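Everything on this sheet refers to the single structure shown next.
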Amino acid sequence: MDTRQDDLRRDLDASLQARKELGPEYESELVDSFLARLDARLDARVERRVAERLGPAEAYGRPGYGPRRFGRRSATRLPIISLVLGIPLSAIAAESSGFWGLLVCWGGIVGVNVSSSLAERVQEQRGAAAPKSDWDR
């Protein structure tokens, strides 16, 4: 038997042992819990197989988009959008709160851009070390 079947067998054994200890009044909850775990594993497996066959872009229904798609194109979107939206936000902030409002407004815009950039870097680094399936965890 492979590891996946061993894990599934252990989960089923644990559910049966819990039923013996808790009694038949908890049987439906235990069965639902086991089936939910089984369903989650099957969903992850199906998604992984679809992504393997179709590739990341087609699996998500839009060309050029997929899981963990980071790079030059996605890294430039947020700063451009921030600059475009920063103009009216600056006007509103300066009108309502003066210099300090403007400072807070641009501090927030810079903070969002920096945190997004750091998140993309961390995700890129994790992408290489991520488990290939839910069974590898």
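Heads up: numbering here begins at 1 and tracks the sequence. Side chains included, hydrogens not; waters and symmetry mates left out as well; all remaining heavy atoms used. Bear in mind that the values here come from a model prediction, so they are computed numbers and not experimental data.
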Residues, nucleotides or ligands: over 12 heavy atoms within 6.0 Å of E95 CD: no
N/O donor-acceptor pair under 3.5 Å between S116 side chain and V112 backbone: no
S33: partners by side-chain hydrogen bond (donor to acceptor under 3.5 Å, both in side chains), with sequence neighbours left out: none
I92 CD1 to I87 CD1 distance, which is reported to the nearest 0.5 Å: 12.0 Å
R49 and R45: CA distance, side-chain angles, deciding distance, side chain to side chain contact (heavy atoms under 4.5 Å, CB included) verdict: CA-CA 6 Å; R49 284 189 179 174; R45 243 176 122 178; 3.2 Å; yes
Please output the side-chain donor-acceptor pairs of residues 97-108 that fall under 3.5 Å, not counting sequence neighbours, one pair per line with the distance.
residue, atom, partner, partner atom, Å
W106, NE1, S90, OG, 2.5

side-chain hydrogen bond (donor to acceptor under 3.5 Å, both in side chains) involving N113 - partner list, sequence neighbours excluded: S82
Common cluster, L12/L35, ILVMFWY with side-chain heavy-atom separation under 4.5 Å: yes
Side chain to side chain contact (heavy atoms under 4.5 Å, CB included) against V114, all qualifying residues, sequence neighbours excluded: V110, L118
Donor-acceptor pairs are to be reported for all side-chain atoms of residues 13-23 against protein atoms at under 3.5 Å, with residues two or more places apart or in another chain.
residue, atom, partner, partner atom, Å
S15, OG, D11, O, 3.1
S15, OG, R37, NH2, 3.1
R19, NE, E27, OE1, 3.3
R19, NH2, E27, OE1, 3.2

